[in-house]
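First comes the structure, then the notes that go with it.
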Amino acid sequence: MSDETSGLRAYVDELIAATNAGKINWKTVNPSTFVWEPGAPKNARVSLQRVDRTTPTGNVTRREIFYLFQAFDSMEPNTSPVVSVESRKDGELQLRFATLFELIKTGLSQKNLDFLRSILPSNQS
């Protein structure tokens, strides 16, 4: 395993811990993509997308789920990502990204439910 791979795995572990602790404010772009924009002093954009693809191979259709993780430097005029990683070829990253994705999804669902509960009329007068 390269230093880059182990460094990325450690970074994703930190993302998981910070997300679990409520320190990262993820937003939903669409049902399969979440984005985090940390803001100043480092204006960046981090995205995690779940890709669910079916591929026909002969008489069999193969389903493949993997994750696309990207980080952009918002200060750069170039819109290409600074980091772009697909989890297809790394089972350890696949597990970490799946964990992070579900954690984000669950947290955002809870926030949405809390909002809905907050707008219900109170039974108390």
Side-chain angles (χ1 to χ4, degrees):
M1 171 182 6
S2 71
D3 287 342
E4 183 179 347
T5 302
S6 63
L8 183 58
R9 288 177 182 171
Y11 178 79
V12 176
D13 288 342
E14 289 179 45
L15 269 180
I16 290 168
T19 298
N20 197 31
K23 295 179 179 179
I24 296 180
N25 185 23
W26 291 93
K27 294 179 182 162
T28 304
V29 174
N30 60 52
S32 66
T33 307
F34 301 114
V35 172
W36 167 48
E37 294 173 322
K42 194 71 173 168
N43 291 320
R45 179 180 174 104
V46 176
S47 69
L48 179 63
Q49 179 181 10
R50 180 181 166 168
V51 179
D52 192 342
R53 182 177 295 163
T54 54
T55 311
T57 44
N59 294 335
V60 179
T61 301
R62 194 176 121 220
R63 182 175 182 209
E64 180 182 30
I65 295 173
F66 62 94
Y67 297 87
L68 176 61
F69 177 82
Q70 295 183 309
F72 299 84
D73 184 347
S74 301
M75 300 300 286
E76 292 294 319
N78 185 354
T79 58
S80 60
V82 175
V83 175
S84 185
V85 178
E86 279 188 12
S87 65
R88 268 194 260 220
K89 297 177 178 122
D90 186 326
E92 289 294 319
L93 275 179
Q94 177 79 1
L95 289 173
R96 283 172 169 85
F97 287 143
T99 299
L100 180 59
F101 188 89
E102 290 304 317
L103 188 60
I104 296 166
K105 187 170 128 181
T106 301
L108 288 172
S109 292
Q110 185 60 50
K111 267 183 169 176
N112 295 342
L113 283 173
D114 291 346
F115 169 76
L116 289 173
R117 286 185 187 110
S118 76
I119 61 174
L120 281 173
S122 175
N123 291 333
Q124 301 169 350
S125 17

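All of these numbers come straight from a predicted model, not from anything done at the bench. FYI, side chains are in, hydrogens and waters are out, and symmetry mates aren't considered; it's all heavy atoms of this structure.
- Note: Leu95 CG to Ser87 OG = 9.0 Å, rounded to the nearest 0.5 Å.
- Of all heavy-atom pairs spanning Pro38 and Ala44, the tightest one is CD-O, 3.2 Å.
- To the nearest 0.5 angstrom, Arg9 atom CZ is 15.0 Å from Glu14 atom CD.
- Linking Ile, Leu, Val, Met, Phe, Trp and Tyr residues whenever their side-chain heavy atoms come within less than 4.5 Å places Phe101 and Val83 in a single cluster.
- Hydrophobic clustering, with ILVMFWY side chains joined whenever heavy atoms are under 4.5 angstrom apart, groups Tyr11 together with Leu48.
- Under a 4.5 Å side-chain heavy-atom cut-off, the cluster of Ile, Leu, Val, Met, Phe, Trp and Tyr residues that includes Val35 is completed by Val29.
- Between Glu86 atom CD and Leu93 atom CG the span is 11.5 Å, to the nearest 0.5 Å.
- In this structure, the side chain of Glu92 does not engage the main chain of Ser6 through any donor-acceptor pair within 3.5 Å.
- Take Phe66 and apply the ring pair (Phe, Tyr, Trp, His ring centres under 6.0 Å) test, not counting sequence neighbours, and it matches no residue.
- Under the side-chain contact (heavy atoms from CB on, under 4.5 Å) criterion, Ala18 pairs with Lys23, Ile24, sequence neighbours left out.
- Remark: Tyr67 OH to Asp90 CG distance equals 14.0 Å, nearest 0.5 Å.
- In the hydrophobic clustering of this structure, Val82 groups with Leu15; members are Ile, Leu, Val, Met, Phe, Trp, Tyr whose side-chain heavy atoms approach within less than 4.5 Å, directly or through other members.
- Using a 4.5 Å heavy-atom threshold, the side chains of Phe34 and Arg50 count as separate.
- Contacts of Leu103 classified as side-chain contact (heavy atoms from CB on, under 4.5 Å), with partners at least two apart in sequence or in another chain: Ile16, Thr19, Asn20.
- Interatomic distance, Leu8 CG to Arg96 CZ, rounded to the nearest 0.5 Å: 9.0 Å.
- From Lys89, atom NZ reaches atom CD of Gln94 across 12.5 Å, with rounding to the nearest 0.5 Å.
- Within the structure, every pair that satisfies the ring-ring contact (aromatic ring centres under 6.0 Å, His included) test and touches residues 72-98, not counting sequence neighbours, is listed here: Phe69-Phe97.
- Within the 4.5 Å cutoff, no side-chain heavy atoms of Trp36 are placed close to those of Ile104.
- Take Asn30 and apply the side-chain contact (heavy atoms from CB on, under 4.5 Å) test, not counting sequence neighbours, and it matches Ser32, Thr33.
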